[in-house]
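Contents: one structure, followed by commentary.
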Amino acid sequence: MTSLLVIGRQPIILKYVIRVSKNKKMNFKYIIFSLSFSVFCLSATAQDINSFFQKTDSFFRSAVKNGNVDYSSLNRNNTELEELIMLVSQINPKSLTSLERKAFLINSYNILVIKEVVRNYPIHSVQKVNGFFEKIKHNIGGSEWSLNQIENDQIRKEFKDPRVHFVLNCAAVSCPPIAKFAYNPILLDNQLDSQTTFAINDSSFIYEKNGKNYISNIFRWYKEDFTENGTVLDFINKYRTKNLNPENRIIHYPYDWVLNDFSNNTFLESNGSDSQITRSNSFIQTYTPSSMLEKNQIEFQLYNNLYTQTSFRNNDRKKVNLGVRENYFTGLINILYGVSEDRKWNVGLNLNLRTVRIDQKESSPLAVLTFRKNDRKNRSGISSLGPTIKLAPFKSSSISIKSSFLIPITKDNEGIEQIIVDSQSVNRFPFFDWDRFTWWNQFFFDKNLGLKWQLFLEGDLLFRFAKSADSYPDNNPRENYLDTPLSGFISYFPSGNTTVYLMLQYSPRFGLNKIEGNQRVNSFNVQGDFAQAGIGLKYQITGKIGLEVLYSNFFTSANQGAGNTFNLGFRYIN
């Protein structure tokens with residue numbers, strides 16, 4: 001009996017056998033049968049758990065390459081993975097010793113993360129899988145747990161070991177590198193120390209620069225795990241070969257949720273050591289318009305749009321020659337700031353810088369950039385500005401909403417005011433921008449179509465609310481407008497820092513109040529529409545700076561323009 005107790009498995013059965021053996025009325029054969037059955041259960045459990053550790057070790061040695069997972073190969077052949085998933089569902093963690101249970105749960109977590117990635121493969125990030133960590137349930141020993149429950153309610157709660165954060169695989173490139181072996185109860189303490197030391201001394205995971213200590217968000221999200229016996233920096237320096245300076249300011253750099261896919265990180269574009277762009281730090285693919293910023297992260301975007309036309313289309317969609325060239329340049333400045341820990345909320349500011357030029361038909365569209373003095377044919381200035389807010393209504397999804405409220409700040413944006421020239425009444429200024437309050441709502445969605453392709457959709461609602469009649473130079477009321485552009489983009493990623501895309505947009509305009517005489521009459525009427533198609537290119541120069549160019553053509557419209565756009569964008573993310 002002593003040897004069985006030392007093994008430490010199935011304590012309830014053993015206690016029962018000991019108890020019944022003391023009952024003199026019990027049949028001796030029954031006692032022998034009970035003991036034999038207990039030993040059989042213990043042996044079966046031992047065989048299962050030993051088989052699990054052996055098979056898991058073999059699996060990780062073949063599936064992990066350079067700290068990443070070869071999901072592509074697993075997607076083609078997942079027989080070994082399916083066998084492990086079956087073992088995970090059959091082994092009850094409560095039947096194991098403490099060390100066995102700890103190693104079993106760590107390995108099971110990593111296996112189940114890989115299982116869920118392969119089930120959704122190809123994906124660019126697990127953040128695109130709804131409920132990846134918190135909703136999707138997995139079978140462990142007959143119990144259904146989410147990944148968050150395995151990590152927080154089982155591993156962290158029971159073992160209270162901060163080192164587990166450096167061995168759990170979250171399937172993102174900002175996770176510590178995944179080990180090329182299974183965690184074994186006999187070696188577990190040394191393995192945990194080794195992986196923690198390796199991660200904390202990795203110069204891409206923790207580094208010192210310009211008097212600041214840059215550390216992973218793991219130390220912020222799970223701060224209480226690292227501060228039980230000191231500060232976060234104390235814990236880090238315990239494992240560092242070269243201590244971080246405690247006088248430096250600590251910066252939690254943005255967490256990169258790009259998939260830790262071996263086949264997704266095999267190329268490197270370089271124009272020098274400061275401009276190396278791998279797929280793992282390509283914000284072109286990571287921060288699509290539907291993506292949210294991390295807390296304290298900043299995005300600055302300047303998008304320059306030059307629209308030029310020499311004709312427009314009437315209500316019958318027929319071209320009408322203007323006899324002149326009309327050029328409208330807009331510099332849209334958008335600043336966003338991450339404010340929430342869970343990447344739910346971003347806030348910011350929009351500002352529109354505009355310039356207009358009415359010129360000879362043969363003139364260059366670029367003449368608008370001379371910013372001449374305001375007159376009947378030229379106008380420049382800041383036309384509107386306002387706050388913006390962006391939110392992700394669904395956790396771990398590819399949907400986000402951005403809402404901005406733009407306030408006109410330039411007098412007579414719409415060029416209504418009249419002056420007398422040669423005994424005739426003419427507009428003092430050309431149309432510059434809408435002289436109305438604009439509530440601009442954008443709905444974003446993206447979906448990866450394999451590793452190289454992505455679909456992005458945007459639907460907008462622009463409510464343009466006219467001001468009171470006495471706010472306009474002619475003292476007449478204006479109609480409220482609703483614009484509802486729908487846009488689709490297909491992107492192709494030839495490399496980690498380059499995107500080529502096609503776009504198509506259709507935008508109808510509706511009048512919300514018809515003007516009859518000097519009165520608004522409740523009505524809903526179609527004002528016109530336009531459709532444009534274009535081709536664009538994005539290029540990431542450094543890890544923080546990217547450029548974008550786009551050309552588009554307005555190929556059909558009703559009561560709208562018939563021109564082209566030339567676009568140049570600049571984006572900075574820190």
request  = Apply the test side chain to side chain contact (heavy atoms under 4.5 Å, CB included) to residues Val129 and Ile136: give CA-CA distance (whole Å), side-chain angles for both, the deciding distance (0.1 Å), then the verdict.
outcome  = CA-CA 10 Å; Val129 180; Ile136 299 171; 4.1 Å; yes
key: Pair Ile401-Phe444, side chain to side chain contact (heavy atoms under 4.5 Å, CB included): steps then yes or no   = CA-CA 6 Å; Ile401 302 171; Phe444 304 122; over 6 Å; no
query = Run the side chain to side chain contact (heavy atoms under 4.5 Å, CB included) check on Leu259 and Val173 step by step: do they pass?
reply = CA-CA 6 Å; Leu259 188 68; Val173 297; over 6 Å; no
task = Could you give me the CA-CA distance, side-chain angles and deciding distance for Phe429 and Val356, then say whether side chain to side chain contact (heavy atoms under 4.5 Å, CB included) is met?
result = CA-CA 10 Å; Phe429 300 113; Val356 178; over 6 Å; no
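Separating the CD atom in Glu299 from the OG atom in Ser291 is a distance of 9.5 Å, to the nearest 0.5 Å. Here CG of Leu486 is found 9.5 Å from CG of Leu457. Values are rounded to the nearest 0.5 Å. The distance from the NE2 atom of His165 to the CH2 atom of Trp221 is 11.5 Å, given to the nearest 0.5 Å. The line from CG of Leu385 to CG of Leu406 is 8.0 Å long, rounded to the nearest 0.5 Å. Summarising the geometry, atom OG1 belonging to Thr355 is positioned 7.0 Å from atom CZ belonging to Phe432; distances are rounded to the nearest 0.5 Å. Interatomic distance, Phe510 CZ to Asp483 CG, rounded to the nearest 0.5 Å: 9.0 Å.
A side-chain donor-acceptor contact under 3.5 Å links Asn305 and Asn567. When only modelled atom types and interatomic distance are considered, Asn327 and Thr308 share a side-chain donor-acceptor pair under 3.5 Å. Using modelled atom types and a 3.5 Å distance limit, the side chains of Asn334 and Lys402 yield a donor-acceptor pair. Residues Asn296 and His252 bring no donor and acceptor atom of their side chains to less than 3.5 Å of each other. Asp412 and Tyr472 are not linked by any side-chain donor-acceptor pair at a separation below 3.5 angstrom, with hydrogens and angles left out of the test. Side chain to side chain, Asn248 and Glu208 meet the donor-acceptor criterion of an N or O pair below 3.5 Å. Of the N and O atoms on the side chains of Glu151 and Tyr222, at least one donor lies less than 3.5 Å from an acceptor on the other residue. Counted by atom type alone, Asn321 and Lys361 present one or more donor-acceptor pairs between their side chains at under 3.5 Å. Neither side chain, Thr310 nor Arg325, offers a donor N or O lying under 3.5 Å from an acceptor on the other. Using modelled atom types, one finds no donor on one side chain facing an acceptor on the other under 3.5 Å when comparing Asn559 with Asn314. A side-chain donor-acceptor contact under 3.5 Å links Lys137 and Gln149. Residues Gln454 and Ser491 bring no donor and acceptor atom of their side chains to less than 3.5 Å of each other. Residues Thr410 and Ser383 have side chains that never bring a donor and an acceptor to within less than 3.5 angstrom of each other. A donor-acceptor pair shorter than 3.5 Å cannot be found between the side chains of Thr556 and Arg313. Inspection of the Tyr501 and Glu548 side chains reveals an N or O donor paired with an N or O acceptor under 3.5 Å. Checking Gln532 against Asn564 by side-chain atom types alone, no donor-acceptor pair falls below 3.5 Å. Side-chain contact, Asp460 with Trp440: a donor N or O sits under 3.5 Å from an acceptor N or O. Under 3.5 Å, the side chains of Asn148 and Ser146 contain no donor-acceptor pair of N or O atoms.
Here the side chain of Tyr71 pairs no donor or acceptor atom with the backbone of Ile123 at under 3.5 angstrom. The backbone N or O of Thr542 sits less than 3.5 Å from a side-chain atom of Gln540, completing a donor-acceptor pair. Side-chain atoms of Thr227 never come within 3.5 Å of backbone atoms of Thr231 as a donor-acceptor pair (strictly under, hydrogens ignored). Distance alone, capped at 3.5 Å, places no donor-acceptor pair between the Lys538 side chain and the Thr499 backbone. Remark: the backbone N or O of Asn476 is paired with a side-chain donor or acceptor of Arg478 at under 3.5 angstrom. When atom types are taken as modelled, the side chain of Tyr303 and the backbone of Thr330 share no donor-acceptor pair closer than 3.5 angstrom. Of the possible polar contacts, none joining the Asn304 side chain to the Gly569 backbone as a donor-acceptor pair under 3.5 Å is found. Looking only at distances, a side-chain donor or acceptor of Ser340 sits under 3.5 Å from a matching main-chain atom of Lys344.
No side-chain heavy atom of Ile333 sits less than 4.5 Å from a side-chain heavy atom of Leu353. Put simply, the side chain of Leu293 does not reach to within 4.5 Å of the side chain of Tyr337, judged on heavy atoms. At least one side-chain heavy atom of Phe570 sits less than 4.5 Å from a side-chain heavy atom of Tyr572. In this structure the side chain of Tyr207 reaches within 4.5 angstrom of the side chain of Tyr253, judged on heavy atoms. Inter-residue side-chain proximity for Tyr492 and Ile490 is flagged as unmet; no heavy-atom pair is nearer than 4.5 Å. Met292 is not listed as a side-chain neighbour of Trp345, based on a closest heavy-atom distance of 4.5 Å or more. Leu547 is listed as a side-chain neighbour of Ile541, based on a closest heavy-atom distance under 4.5 Å. With contacts defined as side-chain heavy-atom distances shorter than 4.5 Å, the pair Ile407/Ser384 does not qualify.
Taking the ring centroids of Phe456 and Phe489, they lie under the 6.0 Å cut-off. For Phe437 and Trp439, the distance between ring centers is not under 6.0 angstrom. The distance between the ring centers of Phe554 and Tyr307 falls below 6.0 angstrom. For an aromatic pair to be called close, the ring centres must be under 6.0 Å apart, and Phe566 with Tyr551 satisfies this.
A salt bridge links Arg156 with Glu224: the closest approach of a Lys/Arg side-chain nitrogen to an acidic carboxylate oxygen falls below 4.0 angstrom. Classification of Arg357 and Asp375 as a salt-bridged pair fails, no side-chain N sitting under 4.0 Å from a carboxylate O. Between Lys467 and Asp435 there is a salt bridge, since a side-chain N of the basic residue sits under 4.0 Å from a carboxylate O of the acidic one.
For the residue pair Trp434 and Pro408, the shortest heavy atom distance occurs at O-CB, 4.0 Å. The two residues Asp261 and Asn68 make their nearest non-hydrogen contact at C-CB, 4.0 Å. Closest approach of Gln309 and Gly563 over heavy atoms only: CB-CA, 3.8 Å. In this structure, Tyr214 and Lys209 approach most closely via the heavy-atom pair CE1-O, 3.7 Å. Scanning both residues, Asn374 and Arg379, for their nearest heavy atoms gives OD1-CA, 3.1 Å. Shortest non-hydrogen contact noted between Asn441 and Ser403 is OD1-OG, 2.8 Å.
Around the CD atom of Gln424, the shell of radius 6.0 Å holds no more than 12 heavy atoms that belong to other residues, nucleotides or ligands. Heavy-atom neighbours of Glu417 CD from other residues, nucleotides or ligands within 6.0 Å: above the threshold of 12.
Classified by interplanar angle (parallel below 30°, tilted 30° to 60°, perpendicular above 60°), the ring pair Phe329/Phe371 is perpendicular.
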